[in-house]
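Working notes, beginning with the structure itself.
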Amino acid sequence: MSDLPRKAVTRTAKLAALPLGIAGRATWGLGKRIGGKSAEIVGRELQQRTAEQLFKVLGELKGGAMKFGQALSVFESALPEEIAGPYRAALTKLQEAAPPMPTATVHSVLGERLGEDWREYFLEFEDKPAAAASIGQVHRAVWHDGREVAVKVQYPGAGEALLSDLTQLSRFAKLLGPLIPGMDIKPLITELRDRVSEELDYELESQAQQEHAREFADDPDVFVPEVLHQSEKVLVTEWIDGIPLSEVIADGTEEQRDRAGQLLARFLFSGPARTGLLHADPHPGNFRLLPADEGDEDGEWKLGVLDFGTVDRLPGGLPSTIGHSLRMTLEGEAEAVYELLRGEGFVKDDIELDPDAVLEYLLPIIEPADADAFTFTRDWIRSQAARIADPRSPAHQLGKQLNLPPSYLLIHRVTLSTIGVLCQLGATVRLRDELESWLPGFLASDETTVAAEDETTIADEDEAEDADTVGRKGGSVARA
C-alpha cells in the first residue's frame with residue numbers, strides 16, 4: 001500500500017479482519033492437529049501466521065495502528081522464546097520503516113505549508129523517504145545554508161486515521177492481550193488515544209525538541225538535533241547518521257550494547273531533571289548510536305535522540321515518590337512503602353493488602369536498582385512477565401488489586417518500554433548510578449533537602465519557588 005488510507009471504513013475493515021483472521025487460523029490449527037501434526041509444530045506455525053498478518057496490517061495502515069505496533073515492539077523481549085522469533089522479525093520492521101506515501105503527496109504538503117517556492121529552502125531534496133513512522137515520514141535534504149537536514153512531513157488524514165485505528169483496536173483489546181504476557185493492552189491503547197492531539201502538533205514537538213537540544217548542546221553522552229524550521233505539517237531538523245538502535249540490537253558488539261543501554265537509562269532519568277520533560281516514545285527507531293567525536297568510530301559512543309512528538313511534562317522532574325518508594329523497598333521498609341503507595345493512590349482506600357506481600361511483589365521487579373551493575377536479559381524479563389501473568393501466582397493476585405494513578409501512567413509505560421529495550425539489547429547497565437544521580441528521593445540525603453525546601457517555603461514563598469526549581473533541576477545535575 002502506497003498511501004495512508006483516509007476513509008474510516010477502509011481502515012476499520014482492515015482492522016476488523018484481524019480477529020476474524022486469528023479465529024480462522026485457530027480453526028486451521030485444530031484441523032492440522034486432527035490430521036496428525038503435533039500441537040507444538042502447529043502452535044509455532046499459528047503464531048508465525050498471526051504475527052505476519054497482524055504486523056503487516058499495522059505497518060501498512062500507519063496511523064494509530066502502526067503506533068500501537070511500535071508500542072508493542074519494545075515488549076517483544078518478554079515473549080516466550082518458542083514464539084518470540086516470528087514476532088521479533090515482524091515487530092522490528094515497524095521500528096524503522098513503513099510503506100511510503102507517493103512523491104506527489106509529499107510535494108503537495110510541502111507546497112501547502114512552505115509555499116509554492118518550497119524548493120528554494122533546500123539545495124537538495126531526496127524524494128525517496130529515508131524513514132517512515134506512524135504519522136509522518138522523513139526525507140533527507142540539504143538546507144539552504146548547506147546543513148544536512150531531516151524533513152518530517154505529516155501524512156494527510158493522519159489525525160483521523162490515528163483516532164479511528166485506536167478506537168477500533170480498543171474493541172478487541174482482550175484478544176490482543178495474549179501477545180504480551182502480563183500486560184493489559186486496553187490502558188495502553190487508551191493512553192495512546194489521549195496523546196493524539198500532541199502527537200499531531202509539530203509546534204509542541206518543536207518546542208520539546210528545542211528545549212532538549214539547548215540543554216544537551218554540550219553533553220558528552222547525548223545529542224539532540226536542532227530544529228531549523230517548523231510549520232503545521234512540516235518539521236525540519238538537523239540530520240544525524242549513526243547506528244539505529246534496532247541494528248545494535250540485531251548485530252551490535254557487547255561494547256555497543258552496554259554503552260547504548262547505559263546512555264538510554266541516563267537519558268530516561270536525566271531528561272526530566274534537566275528539562276522538565278520526559279521523552280515518552282522510547283522505541284529503538286528513535287535512537288542512534290553515534291561516535292562521540294566525529295569520524296572516530298573506535299572511541300566512545302554517544303546517544304542520538306529523535307522524535308519528541310510525545311512527552312510528559314514534569315516541571316519538577318520525576319516525582320520524588322518514585323525515588324522514595326524505590327529506596328525504602330530496597331531497604332525492606334514494608335510498612336513505610338505500603339503507606340506511601342496508599343497515600344499516592346497505588347492502593348485504593350477500600351483495599352487492604354499485606355505490606356510484606358507488597359514488598360515481596362516489588363522486590364524482583366526492582367532488582368536492577370539493587371546491583372552495582374545489572375545485565376538485562378530476555379530471560380529476566382520473561383520471568384517477570386510469567387510471574388505476574390500466571391493467574392495461579394500470588395504476584396498475579398496482588399497485582400490485580402494495585403491501582404495505577406493517571407499521573408503515573410505515562411511514566412510507568414516509558415519505564416517499562418525502556419526496560420524492554422534494555423532487555424533486547426542484553427545490556428549490562430549501572431542503573432543504580434543513574435538513579436542516585438538523577439532520581440529525586442532515591443538518596444536518603446534527598447529527604448534533608450526536601451525538609452530544608454519546606455522550611456524555606458514557610459519563610460518566603462516566592463523565593464522558595466525559585467529555590468525549588470533550581471534544587472530539583474540543578475541539584476541532580478550537581479550530584480552527577
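- Contact detail for A141 and F125: the closest heavy-atom pair is CB-CD1, 3.8 Å.
- A donor-acceptor pair is defined here as one N or O able to donate and one able to accept, closer than 3.5 Å; such a pair exists between the side chain of N286 and the backbone of D281.
- Between atom OG1 of residue T415 and atom CD1 of residue I365 there is a gap of 12.0 Å, rounded to the nearest 0.5 Å.
- With contacts defined as side-chain heavy-atom distances shorter than 4.5 Å, the pair T375/W380 does not qualify.
- Taking the six-membered ring for Trp and thresholds of 30 and 60 degrees, H279 and F267 have ring planes more than 60 degrees apart, a perpendicular arrangement.
- For E211 and R274, the salt-bridge test fails: no basic side-chain N is under 4.0 Å from an acidic carboxylate O.
- For the residue pair F376 and P368, the shortest heavy atom distance occurs at CZ-CB, 3.6 Å.
- The pair E126-R140 fails the salt-bridge criterion, with no side-chain N (NZ, NE, NH1 or NH2) lying under 4.0 Å from an Asp/Glu carboxylate O.
- Within 6.0 Å of CG on D372 lie no more than 12 heavy atoms contributed by other residues, nucleotides or ligands.
- Once rounded to the nearest 0.5 Å, the distance linking CZ of F269 with CD1 of I322 reads 8.0 Å.
- A salt bridge is absent between R266 and D219: the closest approach of a Lys/Arg side-chain nitrogen to an acidic carboxylate oxygen does not fall below 4.0 angstrom.
- At a threshold of 4.0 Å, the pair E436-R432 counts as salt-bridged, since one of the basic side-chain nitrogens sits closer than that to a carboxylate oxygen.
- Taking the charged nitrogens against the carboxylate oxygens, E205 and K152 do have a contact shorter than 4.0 Å, which makes a salt bridge.
- A side-chain donor-acceptor contact under 3.5 Å links T275 to the backbone of G271.
- The nearest pair of heavy atoms linking T377 to C423 is O-SG, 3.4 Å.
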Report task. For the pair D221 and L303, evaluate side-chain contact (heavy atoms from CB on, under 4.5 Å) and give the outcome as yes or no after the intermediate values. Result -> CA-CA 6 Å; D221 298 321; L303 187 72; over 6 Å; no

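- Here R413 does not pair with D312 in a salt bridge; the nearest charged N to carboxylate O distance is not below 4.0 Å.
- Put simply, the residue from Q210, Q209, R214 that forms a side-chain contact (heavy atoms from CB on, under 4.5 Å) with E226 is Q210.
- No side-chain heavy atom of H412 sits under 4.5 Å from any side-chain heavy atom of L409.
- Between the side chain of Q256 and the backbone N or O of T253, at least one donor-acceptor pair lies under 3.5 Å.
- Of the candidates V248, L425, V421, P284 forms a side-chain contact (heavy atoms from CB on, under 4.5 Å) with just one, namely V421.
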Requested in this report: Please test L264 against L422 for side-chain contact (heavy atoms from CB on, under 4.5 Å), starting from the C-alpha separation and ending with a verdict.
Outcome: CA-CA 8 Å; L264 192 61; L422 294 177; 4.2 Å; yes

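- Taking the six-membered ring wherever Trp is involved, the centroid distance between the rings of F122 and H144 does not fall below 6.0 Å.
- For H212 (side chain) and V224 (main-chain N/O), no donor-acceptor pair under 3.5 Å exists by modelled atom type.
- The backbone N or O of E434 sits nowhere less than 3.5 Å from a side-chain atom of S437 that would complete a donor-acceptor pair.
- E112 has no carboxylate O lying under 4.0 Å from a charged side-chain N of K233, or vice versa, which leaves the two without a salt bridge.
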Requested in this report: Let me see the working for I240 and L306 under side-chain contact (heavy atoms from CB on, under 4.5 Å), right down to the final yes or no.
Outcome: CA-CA 9 Å; I240 59 173; L306 307 171; 3.5 Å; yes

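- For the residue pair Q154/Q137, the side-chain donor-acceptor check at 3.5 Å is not satisfied.
- For the 3.5 Å distance criterion, the side chains of R259 and Q262 fail to qualify, holding no donor opposite an acceptor.
- With R288 contributing its side chain and L245 its backbone, the two residues share no donor-acceptor pair below 3.5 Å.
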Query raised in the report: Is there a side-chain contact (heavy atoms from CB on, under 4.5 Å) between W143 and H229 once you walk through the steps?
Result: CA-CA 10 Å; W143 198 233; H229 179 88; 3.8 Å; yes

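- Expressed to the nearest 0.5 Å, how far CZ of F223 lies from NZ of K302 amounts to 7.0 Å.
- We find the CG-CD distance between L289 and E255 to be 9.0 Å, quoted to the nearest 0.5 Å.
- Not one N or O on the side chain of R119 forms a donor-acceptor pair closer than 3.5 Å with the backbone of E116.
- In this structure a side-chain-to-backbone donor-acceptor pair under 3.5 Å is present from D258 to T428.
- Inter-residue side-chain proximity for I411 and P319 is flagged as met; some heavy-atom pair is nearer than 4.5 Å.
- For the pair E199/L204, no side-chain contact is recorded, criterion being any heavy-atom separation below 4.5 Å from C-beta on.
- No donor-acceptor distance shorter than 3.5 angstrom exists from the side chain of R113 to the backbone of E232, with no hydrogens or angles considered.
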